[in-house]
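To keep things clear, I will list the structure first and then write my remarks on it.
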Amino acid sequence: MITRLNSRLHCFINLTGNFITTSFLLPSSSRLGLEFSPHSTSLASLLHSTSFSNNGDPPLSRYQKVTSLDDAFNLFDEMIQRKPLPSVIKFNQLLNAVTKMKHFSSCLDLFKQMCVIGVPVSKYSMNIAIKCCCQMSRTNDGFALLGCCFRRAVVPNVFIFSTLLDGLIREDRIIEAERLFKKLIKQKLCEPDVVMYSTMIKGLCKFGNNDIAIRLLRLMDESGCEPNVVIYSTIIDSLCKDKLIEDASKLFNEMVFAKGIQPDVITYNSLIHGLCNLCRWDEVSKLLKEMEDLRISPDLHTFSILVDALCKEGRVDEAEAVIDIMVERRVVPDIVTYNTLIDGYCLRGEMTKARTLFDSLTSKGFVPNVVTYSSLLNGYCKSLKIEEAMHLFHEITRKGLKPDIEMDGRSTMLQGLFRVGRCGAARKLFDEMRSQGLIPDEYTYGVILDGLCNNRQVEEALSLFHLVGDSKLNSDIVVYTILIEGAGKCGKLDIAKTLFHDLTVKGLQPDVRTYAVMISGLCGKGLVEEAKQLFLKMDESGCPPNNATYNVLLQGYLKKKKYDDVEKLLQEMDGRSYSLDASASALLIDRIAAGSLYRSLLKLISRLMPKELMETPS
DNA sequence: GGCGACTTTC
């Protein structure tokens with residue numbers, strides 16, 4: 001007890017000392033200093049002393065040591081031959097090893113065999129099996145196993161319910177997750193512990209309910225369940241993602257000073273990521289220093305975040321320097337780190353460098369993934385180096401890489417080809433795909449339709465749409481929106497109207513974008529009255545207009561010189577704190593210059609002008 | 001006796 005108190009006090013003093021000098025809000029002129037230069041710090045030595053030793057941990061049993069699926073199956077076969085059967089614990093250890101290798105479906109097979117053979121499964125085994133279902137996004141099957149628990153007289157505990165709760169959240173079934181959580185408490189099915197709270201809080205954060213997440217944090221505290229660093233880190237991360245750095249910082253202070261909970265590398269990574277996204281480099285630099293003082297070693301994630309942020313700022317040279325430091329510190333960069341650097345080169349159009357790095361990776365034994373190929377193909381397409389892109393793409397297909405890489409590569413290629421207007425080549429690629437019996441996924445299908453429409457080939461797009469017919473692909477609102485937009489842009493309003501009408505027949509709900517493209521199409525033909533009616537219908541259809549919708553209708557009014565309506569709409573926009581987009585403001589300025597608009601409106605308009613436009617030096 | 005659930009990077 002005394003030791004724990006002492007260590008808390010110690011950590012408190014340590015942190016206080018640091019925090020005074022490294023407050024979040026102190027401005028400073030230095031850029032990301034990279035204070036963790038190879039000479040200045042003990043961090044590298046720390047890394048040496050802590051990472052690789054495994055002393056103190058009990059040795060792993062034979063069942064936990066399996067390294068391949070084959071090993072696991074062989075061992076399992078051997079186990080079930082034995083008489084008497086090994087204990088359920090041995091089976092659980094083996095199952096666990098299989099899940100650690102992410103072979104969830106094989107693990108479930110083994111579990112089923114255990115049931116058939118009559119190994120008495122325990123709470124542990126049930127939880128492992130349920131976890132496998134959840135990890136494969138088959139949480140419903142997990143609940144079916146919960147039913148088996150009851151039948152087998154296994155009373156589910158907080159571990160099993162946490163696993164299920166996590167499964168629901170992974171599948172974005174937040175309402176059901178909340179319902180389960182409340183039900184567990186109300187019916188006293190289990191006493192939620194800190195992990196269950198953190199799972200629920202993660203779910204709330206995932207759906208942007210930071211406030212409720214914080215309220216739950218308070219609630220758990222009151223009900224005597226002490227929050228830990230995971231809970232705080234989860235909420236801090238969510239606040240950072242929503243750019244609410246000051247709130248995150250407040251919570252961080254609360255955790256450290258009021259609660260005496262030590263932050264870890266994950267807490268710092270979240271904060272650093274948040275600050276990087278806002279380009280607040282001075283504070284990033286301070287946090288890195290703070291980590292060093294607290295002897296928290298930056299890890300792979302920390303470095304990846306820095307590399308990514310620097311690349312996005314176009315500071316690729318500094319990103320390279322960070323990678324060098326990583327290597328010096330024996331933090332081995334992974335494919336994610338290199339992907340961000342490749343993406344950085346591609347963003348600057350430095351395709352030769354990107355390609356060289358890519359080639360060096362493959363020879364170093366890294367396996368490029370979907371993101372790697374996407375970045376490169378996108379880079380080539382954007383730099384209009386279609387030949388190189390095609391070349392790389394053929395390399396991918398020749399190597400017979402994973403289907404997801406191929407599909408992703410295909411859609412990137414198609415997008416690139418359409419963007420430069422090479423519809424023929426796109427068509428050829430698409431036909432090749434079909435002749436190989438490949439069915440495009442929703443995304444690729446959308447890319448093709450969009451590409452055709454943008455190249456004024458609406459008829460082609462439509463004939464493809466009809467060819468696809470009544471499949472699942474055509475039951476997607478995004479597909480309809482693309483086609484309605486394409487038809488509208490080409491002045492084929494009758495087609496747009498038919499498609500829009502078909503939506504209701506098919507039972508599909510138009511979304512805010514569908515309305516916008518339809519309104520735009522109507523305005524394009526001068527049918528502003530009809531556009532207005534549709535605009536008014538949005539609210540009652542439960543799809544209220546947004547900033548973009550207002551801008552579209554406004555342009556229609558301006559083109560038709562309906563200045564009374566313009567004024568009314570501008571006032572509504574002001575009331576909603578909306579702003580004008582680029583084309584609407586251009587049109588407005590044009591009308592003001594022509595003297596068509598009342599000068600009394602100028603004040604209102606200047607309020608609605610986008611900030612970027614007001615700040616242009618010209 | 002041993003075995004289980006939660007947080008960060010493209």
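Atoms considered below: every heavy atom in the structure, side chains included; atoms not considered: hydrogens, waters and symmetry mates. This one's a predicted model, so the numbers in the text were calculated from it and none came from an experiment.
- Scanning residues 111-149 of chain A for heavy-atom distances under 4.0 Å to DNA chain B yields A:Lys123, A:Tyr124, A:Asn127, A:Lys131.
- Residue A:Val336 has its side chain nearest to B:dC10 when only B:dC10, B:dA5, B:dT8 are considered.
- Contact check of residues 73-87 of chain A against DNA chain B (heavy atom, cut-off under 4.0 Å) returns A:Ser87.
- Residue A:Glu226 comes nearest to A:Val194 through the heavy atom pair O-CG2, 3.6 Å, listed as atom of the first residue, atom of the second, then distance.
- Regarding A:Met196, its CE atom lies at a distance of 14 Å from the P atom of B:dA5, rounded to whole Å.
- A:Leu287 has its CG atom 14 Å from the C1' atom of B:dT8, to the nearest Å.
- Between A:Asp221 and A:Lys259 there is a salt bridge, since a side-chain N of the basic residue sits under 4.0 Å from a carboxylate O of the acidic one.
- The side chain of A:Asp264 lies closest to B:dT7 when the candidates are B:dA5, B:dT7, B:dT9.
- Within residues 91-110 of chain A, the residues approaching DNA chain B are A:Asn92, A:Gln93, A:Asn96, by heavy-atom distance under 4.0 Å.
- The side chain of A:Lys312 lies closest to B:dC10, out of B:dA5, B:dT7, B:dC10.
- Note: CG (A:Leu184) to C1' (B:dA5) measures 13 Å, nearest angstrom.
- Judged purely by atom type and a 3.5 angstrom limit, A:Ser198 uses its side chain to pair as donor or acceptor with the backbone of A:Val195.
- For B:dT8, its base never sits under 3.5 Å from the side chain of A:Ser270 at any donor and acceptor pair.
- You'll find that the side chain of A:Val371 is closest to B:dC10, out of B:dT8, B:dC10, B:dT7.
- With centres under 5.5 Å and a plane angle under 30° as the test, the ring of A:His301 is not stacked against the base of B:dT9.
- Between the side chains of A:Asn269 and A:Asp237, no donor-acceptor pair of N or O atoms lies under 3.5 Å.
- A:Asp308 comes within contact range of the sugar-phosphate backbone alone, with a heavy-atom separation under 4.0 Å but no base atom that close.
- In this structure, A:Glu191 places its CD atom where only 12 or fewer heavy-atom neighbours from other residues, nucleotides or ligands lie under 6.0 Å away.
- Rounded to a whole Å, the NZ atom of A:Lys206 is 13 Å from the P atom of B:dC6.
- For A:Phe159, the side-chain atoms get nearest to B:dG4 when compared with the rest of B:dG4, B:dT8, B:dC10.
- Side chain of A:Asn157, nearest nucleotide from B:dT8, B:dG4, B:dA5: B:dG4.
- At a cut-off of 3.5 angstrom, counting only N and O atoms as typed in the model, there is a donor on one side and an acceptor on the other between the side-chain of A:Ser198 and the base of B:dC6.
- For A:Lys202, taking side-chain heavy atoms from C-beta onward, the closest of the listed nucleotides B:dT9, B:dC6, B:dC3 is B:dC6.
- Side-chain polar atoms of A:Asn378 and A:Thr412 form no donor-acceptor pair below 3.5 angstrom.
- One interatomic measurement links the two molecules: CZ of A:Arg62 to P of B:dC3, which rounds to 17 Å at whole-angstrom precision.
- No hydrogens or angles considered: nothing links the side chains of A:Asp109 and A:Ser106 as a donor-acceptor pair under 3.5 Å.
- Within 6.0 Å of NZ in A:Lys186 there are 12 or fewer heavy atoms belonging to other residues, nucleotides or ligands.
- Between A:Lys312 and A:Asp308, at least one side-chain N (NZ, or NE/NH1/NH2) sits under 4.0 Å from a carboxylate O, which counts as a salt bridge.
- Looking at the side chain of A:Asn369, the nearest of the listed nucleotides B:dC10, B:dC6, B:dA5 is B:dC10.
- Side chains of A:Asn92 and A:Ser122: a donor-acceptor N/O pair is present below 3.5 angstrom, by distance only.
- Computed from coordinates, the A:Leu60 CG to B:dG1 P distance equals 20 Å when rounded to whole Å.
- With B:dA5, B:dC10, B:dC6 as the candidates, the nucleotide lying closest to the side chain of A:Val158 is B:dA5.
- Per the geometry, CG belonging to A:Leu204 stands 13 Å off C1' belonging to B:dC6, to the nearest Å.
- When heavy atoms are screened at a 4.0 angstrom cut-off, A:Lys241 is found touching the sugar-phosphate backbone but no base atom.
- With salt bridges taken as basic N to acidic carboxylate O contacts below 4.0 Å, one links A:Glu246 and A:Arg280.
- Distance A:Leu239 CG to B:dT8 P: 14 Å, rounded to the nearest Å.
- In this structure, A:Asp193 reaches the bases: a heavy-atom distance under 4.0 Å links it to at least one base atom across the strands shown.
- No side-chain donor-acceptor contact under 3.5 Å links A:Glu176 to the backbone of A:Arg173.
- For A:Ser162, the side-chain atoms get nearest to B:dA5 when compared with the rest of B:dT8, B:dA5, B:dT7.
- The pair A:Arg62-A:Glu78 meets the salt-bridge criterion, with a side-chain N (NZ, NE, NH1 or NH2) lying under 4.0 Å from an Asp/Glu carboxylate O.
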